[in-house]
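Everything on this sheet refers to the single structure shown next.
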Amino acid sequence: MKQRLGSTGSDVPFYKRVAVAAVAGACGGFVGTPGDMVNVRMQNDVKLPLDQRRNYKHAIDGLVRVAREEGVQHLFRGASSATFRAVLMTVGQLSFYDQIKATLLSSGYFHDNLACHFASSLCAVSTSKNINLMKFWEPASCAVNYRKNPNVLLKFWEPASCAVNYRKNPNVLLKFWEPASCAVN
């Protein structure tokens, strides 16, 4: 795709990379919505009282039961937010990876090797990984906690929660790169 979008002998412009990544993210986000919805339900099942748990045996069982018990249209409940999240993540990872890699290569300090790819990947993932946590955010519970503690919204952005928790546990900085750390905190 890069070769088709770029002119002969030139690199693909950043805005074209963003557009292609956005389309790819939208397609993947929409198609992945049913599986993502069942995944979140299975993870949140343990928080429910025993009589309200869904107790899906596995993901396929969850998909089949949702379609049978609630209707096929419920498999795509939340598709707009899942698609939006996927667009942001894909743009953040794919477009920024290429841009950061090109910047590193043009600096003269990096060559096209594993170190350059690792640094580019690390920076690109850092720009977009917090967006993935949006699916775990429960606005109702957050609104209740917000009245008690206005800083509860900052817990979503891991650097803020790491800065607050660093005094209690210096190892919390290692959790900065762990995708589920905000959901668990």
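Checked against Ile100 for a side chain to side chain contact (heavy atoms under 4.5 Å, CB included), the options Ser121, Cys116, Cys123, Ser95 give a single hit: Cys123.
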Could you give me the CA-CA distance, side-chain angles and deciding distance for Lys101 and Phe110, then say whether side chain to side chain contact (heavy atoms under 4.5 Å, CB included) is met? CA-CA 9 Å; Lys101 181 181 161 193; Phe110 286 88; over 6 Å; no

Using salt bridge (charged side-chain N to carboxylate O under 4.0 Å, His left out), reason through Arg85 and Asp36 one step at a time and then give a plain yes or no. CA-CA 12 Å; Arg85 182 176 53 83; Asp36 199 33; 2.5 Å; yes

Could you walk me through whether Phe96 and Phe14 pass the ring-ring contact (aromatic ring centres under 6.0 Å, His included) test, one step at a time? CA-CA 9 Å; Phe96 285 103; Phe14 184 69; 5.7 Å; yes

Going through the checks in order, is the side chain to side chain contact (heavy atoms under 4.5 Å, CB included) test met by Arg77 and Glu70? CA-CA 11 Å; Arg77 184 184 295 166; Glu70 301 175 38; 4.3 Å; yes

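Val40 is listed as a side-chain neighbour of Asn44, based on a closest heavy-atom distance under 4.5 Å. Within the 4.5 Å cutoff, side-chain heavy atoms of Met37 are placed close to those of Leu75.
Checking side-chain atoms of Arg54 against main-chain N and O of Met42 turns up no donor-acceptor pair under 3.5 Å. Side chain of Asp61 to backbone of Tyr56: no donor-acceptor contact under 3.5 angstrom is found. With Ser81 contributing its side chain and Gly78 its backbone, the two residues share a donor-acceptor pair below 3.5 Å.
In this structure, CZ on Phe76 lies 7.0 Å from OG1 on Thr33, to the nearest 0.5 angstrom. The distance from the CG atom of Leu63 to the CZ atom of Arg41 is 10.5 Å, given to the nearest 0.5 Å. Put simply, CZ on Arg65 and NZ on Lys57 are 8.5 Å apart, with the number rounded to the nearest 0.5 Å.
Pairing each heavy atom of His117 with each of Asp112, the nearest pair is NE2-OD1, 2.8 Å. Closest non-hydrogen pair, Ala119 versus Leu104, comes out as CB-CD1, 3.9 Å. The two residues Ala86 and Thr90 have their closest heavy-atom pair at O-OG1, 2.7 Å.
Under the 4.5 Å side-chain heavy-atom criterion for grouping Ile, Leu, Val, Met, Phe, Trp and Tyr, Val12 is not connected to Leu94 through any hydrophobic cluster. A continuous path of Ile, Leu, Val, Met, Phe, Trp and Tyr side chains, each step under 4.5 Å between heavy atoms, connects Val72 with Val66, placing both in one hydrophobic cluster.
Residue His111 places its NE2 atom among 12 or fewer non-hydrogen atoms of other residues, nucleotides or ligands, all under 6.0 Å distant.
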